[in-house]
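Following: one structure in structure tokens, then a few remarks.
Throughout, a chain's letter reflects where its sequence line sits, starting with A, and its residues are numbered from 1.
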Amino acid sequence: MEPLRLFDTLSRQLKPFSPVVPGTVGVYTCGPTVYDYAHIGNLRAYVFADILRRVLEYNGYQVRHVMNITDVGHMTSDSDDGEDKMVAGARRERKSPEELAAMYTGAFFADLALLNIKTPHVVCRATDHVPEMIAVTRRLLELGHAYEIGDGIYFDISTFPSYGSLARLDLQGQQAGARVEVNREKRHPADFALWRRADPSHLMQWDSPWGKGYPGWHVECSAMGMKYLGDRIDIHTGGIDHVPVHHENEVAQSDAFAGHRVVQLWMHNEFLLVDGGRMAKSLDNFYTLTQLTERGYHPLSYRYFCLNAHYRSKLNFTWETLAGAQTALERLWGRVAQLAGDNGPRVESLEAELRQRFQAAVNDDLGTPQAMAVLWEVVRKEVPSGSAALLLSEFEAVLGLDLDRAPARRVGSTGEVPLEVKELVAERARARKARNWPLADALRRRIEELGFVVSDTPDGTTVQPAR
RNA sequence: GGCGACAUAGCCAAGUGGUAAGGCAGCGGUCUGCAAAACCGCUAUCCCCGGUUCGAAUCCGGGUGUCGCCUCCA
């Protein structure tokens, strides 16, 4: 089997993977801030993390996957000013922060399930771990890595010499061009909040050694990551946008706290673009998975779409491409249905070769595009049916495209067909029986004008809404 | 203004020195009363210019363009 190599954000290199404890892997994934619905760009990050987990499992590792749910502390600006996104969201929707979090957490996991993303073994909410965050903050104060000012406790990056190495920040340059500081008490513009004091009207606050307040955003991942995975975490994943601020700060906190490097390997997925540019609410291209399904697309079509590109490449979403992914996926499902439980002929040497190429692809930094090419070879080329059935079920463990769930399904809804259409279909059936082809064709056109498609298959005639 | 990434067929996207994966669309064919589905086959010399090399999409330099982040402005 090809050795597993993964790209490390810190060194910007492919590294042979080797866990701290042989045979087991701890993975921490930065989860969502649950103040709104996840959009498909967010979801790409979780498809990526899921593929990582599945590839690790495919390689025989026992994986422990942890993901946080941010329900407090994430400010509307990365520079610690602005408002807590949860508080702002709660006001926007006239709900309590708890209600807001419950609602969007539920929606988030519903999306993950539809995308065949395995639920992490541990899902932890920030608000359930305030004592742990306070403990980390207290320790950082004791160690001299943090200081207290008027509005809270801040991490002192001058005490962490390698600060900036993850994102390769040029602190000198940044300092030279420093903007006007909102908080003049901070010793360095890049110092960040561990704990913020809150005035009595603030919606979310907890008791702490420093008075009532709430935790800074970054500290939750340090506290929960170490709680559930120990102070040597094999892999930490997240979107590439988290590198410069969130993860840079997390490294500083965690490593300063533990006295050594905590995260062994940082992995980040690139952004999803829409129509060649950034997703933005103002551009009306801020799609959710629900919107995709409302347009008649199967959620797994989006997963297929993601797998077709490498996780470290920007991926351009267009409706045309999604439609292409859906067509391809439907064809795969059709083939799977034919092969289900096939005990037909096998050629083991061919199986071994295809399996080897698939493994080499996914083990080379999660090369899903190449893996998909191998999949299509299994499906298309002259691979004996027994071998194809076997390989498909093996590959499914990594790809998660429902290739093991025969019989085939059609995506198009089989929903209500109007009586008018049903009557036309019946009339057409009589015309066909009478071999009155001109009438049958005319009826087909009438049915199509009403938005439905008739298909004559070996199993009979079917009607479906046109897409 | 600074930093970084990218530029491969109509669309999406692999490939990082040895002569262009895969999917969708399109075209041709088989099948079908017709159509659909399915299946088979076909379709690119890699943004431009220069350089290195026996050989470059792949390396170097210069352009152009796109995207992202930061900053500034507002």
**Request:** Could you tell me which residues satisfy salt bridge (charged side-chain N to carboxylate O under 4.0 Å, His left out) with A:Asp50, sequence neighbours excluded, listed by chain and number?
**Result:** A:Arg54, A:Arg303

**Request:** Tell me, please, which residues at least two apart from A:Arg44 pass salt bridge (charged side-chain N to carboxylate O under 4.0 Å, His left out).
**Result:** none

Counterpart residues, ring-ring contact (aromatic ring centres under 6.0 Å, His included), relative to [X] (two or more places apart):
| X | result |
| --- | --- |
| A:Phe48 | A:Tyr311 |
| A:Trp319 | A:Tyr287, A:Tyr297, A:Phe317 |
| A:Phe271 | none |

Could you state the [atom1]-[atom2] distance from [X] to [N], rounded to the nearest angstrom?
| X | N | atom1 | atom2 | result |
| --- | --- | --- | --- | --- |
| A:Glu270 | B:C67 | CD | P | 14 Å |
| A:Glu248 | B:G4 | CD | P | 16 Å |
| A:His268 | B:G4 | NE2 | C1' | 15 Å |

**Complete:** Residues at least two apart in sequence or cross-chain that pass side-chain hydrogen bond (donor to acceptor under 3.5 Å, both in side chains) with A:Ser254, listed by chain then number, are A:Ser222

Residue list, side-chain contact (heavy atoms from CB on, under 4.5 Å) with [X], at least two apart or on another chain:
| X | value |
| --- | --- |
| A:Val263 | A:Ile233, A:His236, A:Trp266 |
| A:His39 | A:Asn42, A:Met279, A:Phe286 |
| A:Leu439 | A:Ala431, A:Asn436, A:Leu443 |

**Request:** Just say parallel, tilted or perpendicular for the rings of A:His247 and A:His268, cut-offs at 30° and 60°.
**Result:** tilted

Within the sub-3.5 Å range, which N or O atoms of nucleotides 28-33 of chain B have a protein N or O partner, and how far apart are they?
residue: B:G33; atom: O6; partner: A:Arg428; partner atom: NH2; Å: 3.4
residue: B:G33; atom: O6; partner: A:Arg432; partner atom: NE; Å: 3.2
residue: B:G33; atom: N1; partner: A:Asp441; partner atom: OD1; Å: 3.1
residue: B:G33; atom: N2; partner: A:Asp441; partner atom: OD1; Å: 2.9
residue: B:G33; atom: N2; partner: A:Asp441; partner atom: OD2; Å: 2.6

Please tabulate the protein-to-nucleotide N/O contacts below 3.5 Å involving nucleotides 10-12 of chain B, giving atom names and distances.
residue: B:C11; atom: O2'; partner: A:Thr321; partner atom: OG1; Å: 3.2
residue: B:C12; atom: OP1; partner: A:Asn316; partner atom: ND2; Å: 3.1
residue: B:C12; atom: O4'; partner: A:Thr321; partner atom: OG1; Å: 3.1

**Side-chain N or O of A:Arg380 closer than 4.0 Å to phosphate OP1/OP2 of B:C40** = yes

**Request:** Determine the interatomic distance between P on B:A14 and the same-named atom on B:G50; round to the nearest Å.
**Result:** 29 Å

**Complete:** Note: contacts of residues 43-55 of chain A with RNA chain B (heavy atom, under 4.0 Å) are none

